[in-house]
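What follows is a short report on a single structure.
Values below: every heavy atom of this structure, side chains too, minus hydrogens, waters and symmetry copies. Throughout, a chain's letter reflects where its sequence line sits, starting with A, and its residues are numbered from 1. Just so we're clear, the structure is a prediction, and the values are computed from it rather than from any experiment.
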2 protein chains.
Amino acid sequence: MTDTEPLLLTLAAPAFDARSLRPIWKQIADRLHAACVDGRLLGDARLPGENRMAEIFGVTRVTMRRALARLQQEGVLQARKGVGIFVRPMPLRYRLDHGNRFADGLNLPGAKIGATTLTLERAQAEAEEAEALHIAPGDAVVRLTRLRAVDDAPVYLSRKTFPVATLPEFEAAYAARSSVRDVFQAHGIASYQRVQTRVSGGFASDAEAAALRLSPRMPVLRTVALNAAPDGRIIEYNLGTWPLTAVELVLTPLDPSQTGHSDAD
Amino acid sequence: MTDTEPLLLTLAAPAFDARSLRPIWKQIADRLHAACVDGRLLGDARLPGENRMAEIFGVTRVTMRRALARLQQEGVLQARKGVGIFVRPMPLRYRLDHGNRFADGLNLPGAKIGATTLTLERAQAEAEEAEALHIAPGDAVVRLTRLRAVDDAPVYLSRKTFPVATLPEFEAAYAARSSVRDVFQAHGIASYQRVQTRVSGGFASDAEAAALRLSPRMPVLRTVALNAAPDGRIIEYNLGTWPLTAVELVLTPLDPSQTGHSDAD
DNA sequence: CAGTGGTCTAGACCACATG
DNA sequence: ATGTGGTCTAGACCACTGG
């Protein structure tokens, strides 16, 4: 955890272009962004306080905050109230095969993959879930939320919904190894298949932001994946949320020979 | 084009919660957002100036601008310098089948679909395009940029790249009906197939922002689609850019029986 | 407690688009 | 020429987090 102040002083050294050519806050943001990308500012590094940084760059705190806000929106920095501003470890675009299990689809051989089960509870199906699962709104479902991290940086929050009618022993089967595939197998479902993937953009809810360590309303990518048993019944509705710039989803037409035996996320 | 000021007065009427419960600028943004969603503020409506709005809501212009900035980021409003602030016609999530031709995948029977060819020119393949097309960087390519709009709201900017070696008569074949499928057919390629779709998030470049009528650096969705001829050669690299909240891409495993005869976007 | 980020104000100057 | 949005300043108060 080295001191970042000397570097910032070098960033602030070159004079800024006369105002109104390019806004000062953008020029500041550009320089900080470049430093984060090329490695002069490493992941998890802590920046000086806003007052100090404003002093360093020779602007008001308000102007400094504009630059910092932009960099937060782009996922380069992340502020924590009462604590400080930190460089977000740059995932810089995992390319991952959606439809495969998380760790397999991820093209990072040396990375440390983390998985945490956040909640596992019974609930009533919401309208969209119910339609996808071919059950009635309000029917009993199991809801499982999990968080995946790469090198301790959270990159994927998933909220899976399962119909209780099809998987009555979910909790017991999941307990042993925290594996959804185990649950399916315990209910006589040996394999399953991705039948639809939807991708959309949006803005993080408070809950999503907290889990992914983002500010609320940050832009995110959302995926909805529907998995079906061999007999065609939809058995899983999976809503995934990703920081906007964390990932590049790769979707190739399914090769039937390798369909479905993985613990897909 | 009705006057929006009376409505804003009603929005500003209820007192704001004591400060520090929820920031005033968020409360203002919430009320405006709600009005845009439920139709009290219609698409393309022009709002009063920032000074006037600040007066209406009883805050400083700076605070007013924070609320407006948030709504712009979310794609609800769009400011034009020297002109005014306008309600963005709410596409509110087209659900469209990627892999089909644009108009077919779009689930809006009554909508007016627009298509504009922006540029058509020869260029040298960039690194990523070259890799995807299995040619060398710098090889001659045809680059075609088009813009699609729904009810006059631009929702999709596509930049297609084709290898000149495979499609030497591109311009001539395209001229007649501005159809890429025609170009393929003129070169003896009767059908083609989507072999890969990639989806990622990012922030609009200046060019993308201008074409889509967004502010620069607004969050966007990007798609990369690779199409191949029946013999397996990649014949099209298509980079698409969408306003973040404009669309929900639906990707279903390809049904071989209906693969490839469309003028896919 | 001290330091941090989050919010808000009052007033100013500028570049731009339109009439 | 006017009104628009875009930028910037100086100073203030608050809530949160940590030691």
Open item on the list: Is there, by distance only and without an angle test, a donor paired with an acceptor across the side chain of B:Arg61 and the base of C:dG11 below 3.5 Å?
Closed with: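 No.
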Task: Interface residues of residues 204-212 of chain B with DNA chain C (non-hydrogen, below 4.0 angstrom) - done: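 The answer is none.
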Do the side chains of [X] and [Y] get close enough for a salt bridge, i.e. N-O under 4.0 angstrom?
| X | Y | result |
| --- | --- | --- |
| B:Arg222 | A:Glu248 | no |
| A:Glu121 | A:Arg143 | no |
| A:Arg159 | A:Glu208 | no |
| B:Arg198 | B:Glu128 | yes |
| A:Glu171 | A:Arg122 | yes |

Nearest whole Å is fine: how far is [N] [atom2] from [X] [atom1]?
| X | N | atom1 | atom2 | answer |
| --- | --- | --- | --- | --- |
| B:Arg70 | C:dC8 | CZ | P | 12 Å |
| A:Met53 | C:dT4 | CE | P | 12 Å |
| B:Lys81 | D:dG5 | NZ | P | 12 Å |
| A:Gln78 | C:dG5 | CD | C1' | 12 Å |
| B:Asn51 | D:dG6 | CG | C1' | 12 Å |
| A:Arg22 | D:dT7 | CZ | P | 10 Å |
| A:Gln27 | D:dC8 | CD | C1' | 13 Å |
| B:Phe86 | C:dT18 | CZ | P | 9 Å |

Open item on the list: Under 4.0 Å from OP1 or OP2 of C:dG11: is there any side-chain N or O of B:Thr60 that close?
Closed with: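 For B:Thr60, the contact criterion (side-chain N or O under 4.0 Å from OP1 or OP2 of C:dG11) is not met.
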Open item on the list: It should be established whether B:Thr63 places a side-chain nitrogen or oxygen under 4.0 Å from OP1 or OP2 of nucleotide C:dT7.
Closed with: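 No, B:Thr63 has no side-chain N/O under 4.0 Å of OP1/OP2 on C:dT7.
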Open item on the list: Judged by each residue's nearest nucleotide on DNA chain D, which is more toward the 5′ side, A:Gly82 or B:Ser215?
Closed with: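 The residue mapped nearer the 5' terminus is B:Ser215.
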TODO: Name the residue closer to the 5' end of DNA chain D, choosing between A:Arg80 and B:Arg65 according to the nucleotide with the nearest heavy atom.
DONE: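 Of the two residues, B:Arg65 wins.
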Under 4.0 Å between any heavy atoms, over every strand shown, what does [X] touch: base, sugar-phosphate, or nothing? Just pick one.
| X | value |
| --- | --- |
| B:Val62 | base |
| B:Ile85 | sugar-phosphate |
| A:Arg66 | sugar-phosphate |

Task: Qualifying residue for side-chain contact (heavy atoms from CB on, under 4.5 Å) with A:Ser178, from A:Thr117, A:Thr116, A:Leu144 - done: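 Answer after filtering A:Thr117, A:Thr116, A:Leu144: A:Thr117.
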Open item on the list: B:Val87 and side-chain contact (heavy atoms from CB on, under 4.5 Å): which single residue from B:Asp44, B:Leu77, B:Leu42 fits?
Closed with: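 The option that passes is B:Leu77.
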- [ ] For A:Ala79 and for B:Val83, find the nucleotide of DNA chain C with the closest heavy atom, then tell me which residue's nucleotide is more 5'.
- [x]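 Counting from the 5' end, the first nearest nucleotide belongs to A:Ala79.
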